[in-house]
Structure formats: structure tokens, C-alpha cells
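Here the structure is laid out as C-alpha cells; the discussion comes afterwards.
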Amino acid sequence: MKSEPDLFGIDDLKNRPGRTEPWDGVRNYQARNYIRDELKKGDLAFFYHSNCKIPGIVGVMAVADSPSPDTTAFNKSSKYYDPKSDPASPRWLQVTMRYKRKLKRTITLEELRSHKVLGKMKLLQRGNRLSIMPVTSKEWEYILTLE
DNA sequence: GCCAACGTTGGC
DNA sequence: GCCAACGTTGGC
């Protein structure tokens, strides 16, 4: 799961009360579908810093609840307001994420790209812009051995 | 700051 | 339904 450290980084999550944060504002259908279909309470996720000097994986977090409607879509004063999301049939979903730990070091995008076995990772696919995407268990375990 | 890649919008 | 125009993402 990507986030821009200038806006909300791993330390921001760590410093939140309860070390949790609602992951709202996702406005991409594919990412929405991953929230809806793939995320279960207790699942682990990498925290990825994007759009910054050294993009890469910086930590581990966990899904803290079940997916629920993203109510920022109904809030006219929210930057995530979406008039097409009907409260009776919410278009966008969110999930709460809980801080687990920081990696001992950042595993940079550049480093991830240098490992041939990770070549199929969604994150590394050309042109990928998804903010939420699956990691296979093999990829997960391999990446943690790099730490 | 540039720009490739991608998603969305809206005219037709 | 097509596709040009536009907006966004995000690495570099």
C-alpha cells in the first residue's frame, strides 16, 4: 500500500492514537476491488513510500477491520468528495490499517527491481499506478529476507 | 520539472 | 462504442 511520506508516512501511522489510520480516499476501481475482495482483518501489508526521494518499502502494517464504505465520498468539504457515490450504494471502500513495525532499513524500489525473482511483482510492472496491490506470499517472504 | 503511462470524461 | 482531450500518478 502506497502513501506519500510528505503527506502521510510510516511515522505518521506509528504516531497515530492506537497506531491506526483509516485508509480512505482510494478512488481507483481496481484498488477498490482489492480492498473489497482481498483485504481481511489481520492481513499484513507493506507500507510503501511513493513520490519521494527514495521510494521503497519502509514498514509492515496490518488490516485492523473489515472493509467499510468510505464516507469521505459523501462529504462535500472533503477533497475526496465524489457526488457519484450514493450513500445507499457506496462506490468507495476503506479499511483501517494498524502499524506493526518499521523495516530495519528501506528496501528501495531500485533494489526491488534488481532482484530477478521479483520481476513479476505487481508493484514493478511497467506503468503501474495502483496504490493498493497484492503481494504473493513468496514475494513477501523473499522481500523480508532482504531486510 | 519532465514526461510516460494510465484512468476518466464527454462529444459524437 | 470510439477516441481525443484532459487529469493524475510517480519515477527519474
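Here is the naming used below: chain letters follow the sequence lines, and residue numbers restart at 1 for every chain. This one's a predicted model, so the numbers in the text were calculated from it and none came from an experiment. Computed from heavy atoms alone, side chains included, the values below leave out hydrogens, waters and symmetry copies.
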In whole angstroms, how far is the [atom2] atom of [N] from the [atom1] atom of [X]?
X        : N      : atom1 : atom2 : value
A/Asn51  : C/dG10 : CG    : C1'   : 5 Å
A/Leu130 : B/dG7  : CG    : P     : 8 Å
A/Leu112 : C/dC12 : CG    : P     : 11 Å
A/Glu110 : C/dG10 : CD    : P     : 19 Å
A/Arg91  : B/dT8  : CZ    : C1'   : 11 Å
A/Asp82  : B/dT8  : CG    : P     : 11 Å
A/Met1   : C/dT9  : CE    : C1'   : 17 Å
A/Arg129 : C/dG10 : CZ    : P     : 7 Å

| query | Could A/Glu139 and A/Lys122 be called an ion pair, given the rule that one side-chain N must be under 4.0 Å from one carboxylate O? | reply | no
| Between the side chains of A/Arg27 and A/Thr72, is a donor N or O closer than 3.5 angstrom to an acceptor N or O? | yes
By nearest atom, which of the nucleotides [options] is closest to the [X] side chain?
X        : options               : answer
A/Leu109 : C/dC12, B/dT9, C/dG10 : C/dC12
A/Arg113 : C/dG10, C/dC12, B/dG7 : C/dC12
A/Tyr29  : B/dT8, C/dG10, B/dA5  : B/dT8

Is the phosphate of [N], meaning OP1 or OP2, less than 4.0 Å from a side-chain N or O of [X]?
X        : N      : value
A/Arg126 : B/dA5  : yes
A/Lys84  : B/dT9  : yes
A/Tyr48  : C/dT9  : no
A/Lys2   : C/dG10 : yes

| Would a distance-only check, ignoring hydrogens and angles, find a side-chain to backbone donor-acceptor pair under 3.5 Å from A/Gln125 to A/Lys120? | yes
| task | Would you check if the distance from the ring center of A/Trp23 to the ring center of A/Tyr34 is below 6.0 Å? | result | no
| query | At under 4.0 Å between heavy atoms, what does A/Leu124 touch on the DNA or RNA strands: base, sugar-phosphate, or nothing? | reply | nothing
| query | Hey, does A/Lys53 reach any base, or is it just sugar-phosphate, or nothing, if we go heavy atoms under 4.0 Å? | reply | nothing
| Audit row: A/Lys102, A/Glu147, salt bridge (charged side-chain N to carboxylate O under 4.0 Å, His left out) steps and yes/no | CA-CA 10 Å; A/Lys102 280 206 247 186; A/Glu147 187 177 358; over 6 Å; no
